[in-house]
Amino acid sequence: MSERLVVIDTETTGVSAQAGHRIVEVAAVEMVAFEFTGNNFHRFVNPKRKVSEEFVRITGITKEFLSSLQEFKFMAQDFVEFLGDARLVTYNARFELSFINMELSLAGYPQISDDRVIDILAMAKQKLPDESATLDNLSAYYAINSEEISETNGICDAKITGLIFKSLMNNPI
């Protein structure tokens with residue numbers, strides 16, 4: 001597979017875009033022939049809503065930091081241009097796309113269609129039905145060490161997702 005792929009990861013204020021939660025970090029890494037090219041997109045985003053103390057504790061991202069940033073709509077064009085016409089890879093596509101598509105819609109951009117996205121959660125459940133398909137468990141199963149990836153949280157998670165995808169593709173049932 002030598003086509004251009006973009007692996008996406010987001011951090012959000014909560015678990016439901018429909019309940020008004022928003023993206024606070026978006027990361028995307030480019031892969032060609034299952035190798036990272038070094039071409040990455042990463043932004044922290046002002047969600048324009050309060051974040052919980054639990055969110056701050058888990059992510060280390062403070063309310064003050066987020067309030068100093070631009071909203072997604074101001075970086076949406078850069079994000080869409082980075083994606084281009086690439087196939088997209090993500091973990092739990094339903095979750096990720098619900099947030100990305102909500103933010104794109106609010107910024108006046110078309111939504112990303114499901115058929116453009118490869119969901120490694122669905123792949124893992126199919127190929128490894130006896131394994132727990134969390135990112136941590138899949139990383140352990142494929143011996144992916146996140147400590148060897150010296151990047152921000154979002155880029156690190158996107159790279160882990162890309163490495164799991166590569167392992168899933170190279171290790172058929």
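Below, all heavy atoms of this structure are taken into account, side chains as well, without hydrogens, waters or symmetry copies. Residue numbers run from 1 in the order of the sequence given. The structure presented is a predicted model; accordingly, all values stated were derived computationally and were not measured.
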Are the side chains of [Y] and [X] in contact, using a 4.5 Å heavy-atom criterion?
{"X": "F79", "Y": "I8", "value": "yes"}
{"X": "D114", "Y": "L97", "value": "yes"}
{"X": "I120", "Y": "T161", "value": "yes"}

Search all heavy atoms of [X] against all heavy atoms of [Y] and return the closest pair with its distance.
{"X": "G14", "Y": "F99", "value": "O-CZ, 3.4 Å"}
{"X": "Q18", "Y": "S98", "value": "NE2-CB, 4.2 Å"}
{"X": "A28", "Y": "F82", "value": "CB-CE2, 3.6 Å"}
{"X": "V24", "Y": "P47", "value": "CG1-CG, 3.7 Å"}
{"X": "Y141", "Y": "L128", "value": "OH-CD2, 3.4 Å"}
{"X": "A158", "Y": "V29", "value": "CB-CG2, 3.9 Å"}

Working to the nearest 0.5 angstrom, can you tell me the gap between [X] [atom1] and [Y] [atom2]?
{"X": "M123", "Y": "L168", "atom1": "CE", "atom2": "CG", "value": "4.5 Å"}
{"X": "E11", "Y": "I58", "atom1": "CD", "atom2": "CD1", "value": "9.5 Å"}
{"X": "F55", "Y": "T12", "atom1": "CZ", "atom2": "OG1", "value": "7.5 Å"}
{"X": "K48", "Y": "N46", "atom1": "NZ", "atom2": "CG", "value": "5.0 Å"}
{"X": "S67", "Y": "K50", "atom1": "OG", "atom2": "NZ", "value": "12.0 Å"}
{"X": "L138", "Y": "S132", "atom1": "CG", "atom2": "OG", "value": "7.5 Å"}

Checking the side chain of [X] only, and the main-chain atoms of [Y] only, is there a donor and an acceptor separated by less than 3.5 Å?
{"X": "K166", "Y": "E35", "answer": "no"}
{"X": "E96", "Y": "T90", "answer": "no"}
{"X": "N137", "Y": "A133", "answer": "no"}

For K63, look at atom NZ and say whether over 12 heavy atoms of other residues, nucleotides or ligands are found less than 6.0 Å away.
-> yes
Considering residues, nucleotides and ligands other than N39, do more than 12 of their heavy atoms fall under 6.0 Å from its CG?
-> yes
Check for me, please, whether [X] and [Y] land in the same ILVMFWY cluster - side-chain distances under 4.5 Å, paths through other members count.
{"X": "L163", "Y": "L135", "answer": "yes"}
{"X": "Y142", "Y": "F34", "answer": "yes"}
{"X": "I100", "Y": "V45", "answer": "yes"}
{"X": "L88", "Y": "M102", "answer": "yes"}
{"X": "L83", "Y": "I118", "answer": "no"}

Is the shortest side-chain N to carboxylate O distance from R94 to D119 below 4.0 Å?
-> no
Show the numbers, then the answer: is there a side chain to side chain contact (heavy atoms under 4.5 Å, CB included) between M75 and V26?
-> CA-CA 10 Å; M75 49 77 63; V26 61; 3.5 Å; yes
Show which side-chain atoms of residues 103-113 pair as donor or acceptor with protein atoms under 3.5 Å away, not counting sequence neighbours.
residue : atom : partner : partner atom : Å
E103    : OE1  : R22     : NE           : 3.4
E103    : OE1  : R22     : NH2          : 2.8
E103    : OE2  : R22     : NE           : 2.9
E103    : OE2  : I23     : N            : 3.2
S105    : OG   : N101    : O            : 3.0
S105    : OG   : Q111    : NE2          : 3.0
S113    : OG   : D115    : OD1          : 2.4

Determine, stepwise, if the pair R4 / T37 fulfils side chain to side chain contact (heavy atoms under 4.5 Å, CB included).
-> CA-CA 10 Å; R4 179 177 183 262; T37 66; over 6 Å; no
May I have the step-by-step check of salt bridge (Lys or Arg N to Asp or Glu O under 4.0 Å) for D85 and R116, ending in yes or no?
-> CA-CA 9 Å; D85 61 358; R116 184 176 169 191; over 6 Å; no
Identify the residue among D157, I164, L121, V7 that makes a side-chain contact (heavy atoms from CB on, under 4.5 Å) with Y91.
-> L121
Test log, rule salt bridge (Lys or Arg N to Asp or Glu O under 4.0 Å), inputs E3 and R87 | CA-CA 8 Å; E3 71 179 310; R87 287 286 306 246; 5.1 Å; no
Checking side chain to side chain contact (heavy atoms under 4.5 Å, CB included) for the pair M31/V6: CA distance, chi angles, key distance, verdict?
-> CA-CA 6 Å; M31 292 181 87; V6 174; over 6 Å; no
Parallel, tilted or perpendicular: rings of F44 and H42 (30°, 60°) | perpendicular
Stacked cation flag R49 on F72, 6.0 angstrom / 45 deg = no
Should F36 and E30 be marked as a side chain to side chain contact (heavy atoms under 4.5 Å, CB included) after you check the CA-CA gap, both sets of side-chain angles, and the distance that decides it?
-> CA-CA 6 Å; F36 298 114; E30 181 183 69; over 6 Å; no
Among side-chain atoms of H21 and T13, is any donor-acceptor pair under 3.5 angstrom?
-> yes
